[in-house]
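Just so it is clear, the values below take in all heavy atoms, side chains as well, and ignore hydrogens, waters and symmetry mates. Chain letters run A, B, ... following the sequence lines, proteins first, then strands; residues in each count from 1.
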Amino acid sequence: MKKERIKIISIGNIKEESQIQVMGWVRTIRKSKNVSFISLNDGSTINSLQIVLDMKVFDEKIIDKINTGSSLSVNGKLVNSTGKNQKYELQAESIELLGESDPELYPIQPKKHTFEFLREVAHLRPRTNTFSCIFRIRHACIFAIHKFFNEKGFINIHTPIITSSDAEGAGEMFRVTSLDLDNIKKNKLDYTQDFFSKPVNLTVSGQLNAELGALALSEVYTFGPTFRAENSNTSKHLAEFWMIEPEMAFYDIDDNMDLAEEMLKYIISYILKNCSSDLSFLENLELNDEKQLPQVKRNEFPLIQRLEKIIDNDFIRVKYDEAFQILRNSKPNKKGKFNFKVDEWGIDFQSEHERYLVEKHFKNPVIVSDYPKQIKAFYMRSNRDNKTVAAMDVLFPSVGEIIGGSQREERLMMLEKRMEEMNVSKSELSWYLDTRRFGTVKHSGFGLGLERLIQFVTGMKNIRDVIPFPRTPGNCSY
RNA sequence: GCCUUCUUAGCUCAGUUGGUUAGAGCAGUAGACUGUUAAUCUAUUGGUCCUAGGUUCGAGUCCUAGAGAAGGCGCCA
């Protein structure tokens, strides 16, 4: 009979009594005199396959070398399990130890580890149940995003990672150079001698380039890494993260909000449909963790219900004016409970204000639009009132701002005026202004933070635990 | 960057008002066990108490400085 390697996720499709081969890594091994059990996991699913070893058949010396973390190839017969926790198990007929794992040194034990500890062994943490769930869900999110845009006829464009424009004000940038920095005298950098003959940086946003694409291909999106050299030490910031930036010609701010809401619901329903066992695992993990917390600190609903609520309800849409009034008249504001008082029109909302709107007042995702122009970027379209711009932020429970976007200023005169007011160089961005000089049209777009979305979908508290290799101030290992 | 808290065995944590030889569970090691489910049972190895100073007869415990981490805040996605 032919033996072929089967992935553990597809065990359910295999006929009983089939001869199969599986390969994977040992999660636990339970050895006893007559029979031993191995939990083998190949990352295709949260479920491990139980391997049963009849100790009369196998050389004890070889079995002794199998430990947590070892890699194995196992041939055997798939049979119904007499145990309670699994339907099938593999009756091993031959085992090849592919790679040993010294149990004195291997850091991942079959027990609960803290996320802080696992961050220190981030190169091995995908071998844990929790992180394998997260990375499978991360993949599913990425796939769903491409699928969504493909179905809507969007063109994926790659915007540059190395960029010379520093005019966006989206944050501190990482300088890119080929100069020998070890042998340069203080303050004597000569960029004309550098690779690009001028100072260049890692991108903080692909938006301006994406606009060029939209004003030719109608609907485009970027999906790439983004770099911010901000000294941000929070559970919601990374120095290197992934951002999705759709940009659409002929869309106004309302079309933009519709697309953002439709996209988020699409992704979340895709995850609910395709990652149910991973979601259940994470939901249980969260429920167990929360047992130790006081009621107030627990989530109001379990993970899967939180996701279902997103799909089942319309996002609340409020203009800045209205949100400002709600906050100003709110109890915490009147009682002085906010660290930042809401009193003067024009202030930027702090995260405590956003959280109040989303988690206390509306109890639903909220899209706030039409912000005062002085707190927003130069490229956002001025409204008729000349006080606000057509900006919109999508605020989610627990993670806060998940999307920021706007209708772009397509009127050349208005855009140039804003650039002058905000000290943005027109000559450096002359290529950008060309889109307004030649065949300008109304257009809109937004940026979605992939890791923040995954945080929401997985319920993970720290953004460093939803990206394989997190980069944060002082941390760039692996 | 700011505020608060934390740092004790490979991991998770106890360690009383400063007092003699710093403990537990898990992991590891040796053994037992006829089907286990993070198996169980017996025995056992393992410590620069984050680092450097200081106070004290005596410091894991108190003080100062530094490093690292977590949570919150700011900047933002």
Pairwise P distance for U8(B) and G47(B), with rounding to whole Å: 15 Å
Nearest-angstrom distance from the residue atom CG of Asn339(A) to C1' of G74(B): 11 Å
Opposite nucleotide pairing with U56(B), Watson-Crick or G-U, both atom distances under 3.5 Å: none
Residue pair Gln207(A), Tyr379(A): steps toward the side chain to side chain donor-acceptor pair (under 3.5 Å) verdict: CA-CA 10 Å; Gln207(A) 182 203 314; Tyr379(A) 49 74; 3.1 Å; yes
Sugar-phosphate only, base, or nothing, as touched by Thr28(A) at under 4.0 Å among non-hydrogen atoms: sugar-phosphate
Opposite nucleotide pairing with U17(B), Watson-Crick or G-U, both atom distances under 3.5 Å: none
Distance between P atoms of C50(B) and U16(B) (Å, rounded): 14 Å
Phosphate OP1/OP2 of C73(B) contacted by Arg355(A) side-chain N/O (<4.0 Å): yes
Arg408(A) and Ser406(A): CA distance, side-chain angles, deciding distance, side chain to side chain donor-acceptor pair (under 3.5 Å) verdict: CA-CA 6 Å; Arg408(A) 318 307 190 190; Ser406(A) 66; 2.6 Å; yes
Touch class at under 4.0 angstrom, heavy-atom based, for Gly83(A) against every strand present: base
Contact under 4.0 Å: Ser36(A) side-chain N or O vs U36(B) OP1/OP2: no
Arg317(A) and Asp370(A) ion-paired at < 4.0 Å: no
Base G10(B) to side chain Gln109(A), donor-acceptor N/O within 3.5 Å cut-off: yes
Distance, P atom - from U44(B) to U7(B), rounded to whole angstrom: 30 Å
For atom CG of Asn233(A) and atom C1' of G72(B), their distance in whole Å: 12 Å
Nucleotide of G74(B), G35(B), A70(B) approaching Arg119(A) most closely (side-chain heavy atoms): A70(B)
Euclidean distance for C1', G35(B) against A30(B) (whole angstrom): 24 Å
Touch class at under 4.0 angstrom, heavy-atom based, for Leu238(A) against every strand present: base
Sugar-phosphate, base or nothing in reach of Gln86(A), heavy atoms under 4.0 Å: base
RNA chain B-proximal residues of residues 464-478 of chain A, any heavy atom under 4.0 Å: Arg464(A), Asn475(A)
Nearest heavy-atom neighbours spanning Leu97(A) and Lys65(A): CD2-CB, 3.7 Å
Positive for side-chain hydrogen bond (donor to acceptor under 3.5 Å, both in side chains) with Arg306(A), one of Glu283(A), Glu300(A), Glu286(A): Glu286(A)
Shortest non-hydrogen separation from Asp289(A) to Lys112(A) and the atoms involved: OD1-NZ, 3.4 Å
Nearest non-hydrogen partners of Met380(A) and Gly405(A), listed with the distance: CE-O, 4.3 Å
Identity of whatever pairs with A24(B) - Watson-Crick or G-U, under 3.5 angstrom: U12(B)
Under 5.5 Å and under 30°: Phe241(A) stacked on A77(B): yes
Asn150(A)/Lys147(A) under side chain to side chain donor-acceptor pair (under 3.5 Å): CA gap, chis, key distance, verdict: CA-CA 5 Å; Asn150(A) 187 55; Lys147(A) 191 164 179 282; over 6 Å; no
Contact under 4.0 Å: Ser351(A) side-chain N or O vs G74(B) OP1/OP2: yes
Rounded P spacing from A52(B) to A43(B) in Å: 38 Å
Closest heavy-atom pair and its distance - Tyr88(A), Leu49(A): O-CD1, 4.3 Å
Under-4.0 Å side-chain N/O to phosphate OP1/OP2 contact, Lys33(A) with C33(B): yes
Side chain of Lys111(A) - closest among A77(B), U36(B), C26(B): C26(B)
Who pairs with C76(B) - Watson-Crick or G-U, where each distance is under 3.5 Å: none
Length of the NE2-C1' vector between His237(A) and G72(B), whole Å: 13 Å
Spacing of Trp25(A) atom CH2 relative to A38(B) atom P, expressed in whole Å: 22 Å
U12(B) versus U5(B) - spacing of their P atoms, nearest Å: 22 Å
Thr82(A) vs G35(B): side-chain N/O to OP1/OP2 distance below 4.0 Å: no
C33(B) OP1/OP2 closer than 4.0 Å to side-chain N/O of Arg30(A): no
Residue whose closest nucleotide on RNA chain B lies nearer the 5' end, Lys236(A) versus Gln350(A): Gln350(A)
Neighbours of RNA chain B within residues 42-65 of chain A, by heavy-atom distance under 4.0 Å: Gln50(A)
Pairing partner of A67(B) (Watson-Crick or G-U wobble, both distances under 3.5 Å): U7(B)
Sugar-phosphate, base or nothing in reach of Asn462(A), heavy atoms under 4.0 Å: sugar-phosphate
Value in whole Å for how far the P atom of G10(B) lies from CG of Leu124(A): 17 Å
Under 3.5 Å side-chain donor-acceptor pair for Thr472(A) and Asn475(A): yes
Pairwise P distance for G68(B) and C62(B), with rounding to whole Å: 23 Å
Nucleotide opposite A30(B) in a Watson-Crick or G-U pair, distances under 3.5 Å: U42(B)
Spacing between His353(A) atom NE2 and C73(B) atom C1', to the nearest angstrom: 12 Å
Presence of donor-acceptor pair under 3.5 Å, side chain of Glu89(A) and base of G35(B): yes
Heavy-atom donor-acceptor pair, Ser232(A) side-chain to C75(B) base, under 3.5 Å: yes
Sugar-phosphate, base or nothing in reach of Ile402(A), heavy atoms under 4.0 Å: sugar-phosphate
P atoms of A22(B) and U45(B), separation to the nearest Å: 14 Å
Nearest-Å distance for atom pair CD1/P, residues Ile29(A) and U40(B): 15 Å
Residue among Tyr320(A), Phe340(A), Phe324(A) satisfying ring pair (Phe, Tyr, Trp, His ring centres under 6.0 Å) with Phe349(A): Tyr320(A)
By salt bridge (Lys or Arg N to Asp or Glu O under 4.0 Å) - contacts of Arg136(A) (at least two apart): Asp278(A)
Donor-acceptor side-chain pairing of Ser101(A) and Asn67(A) below 3.5 angstrom: no
Options A38(B), G74(B), G1(B), nucleotide nearest the side-chain atoms of Phe340(A): G74(B)
Base-pairing assignment for U61(B) (Watson-Crick or G-U wobble, both under 3.5 Å): none
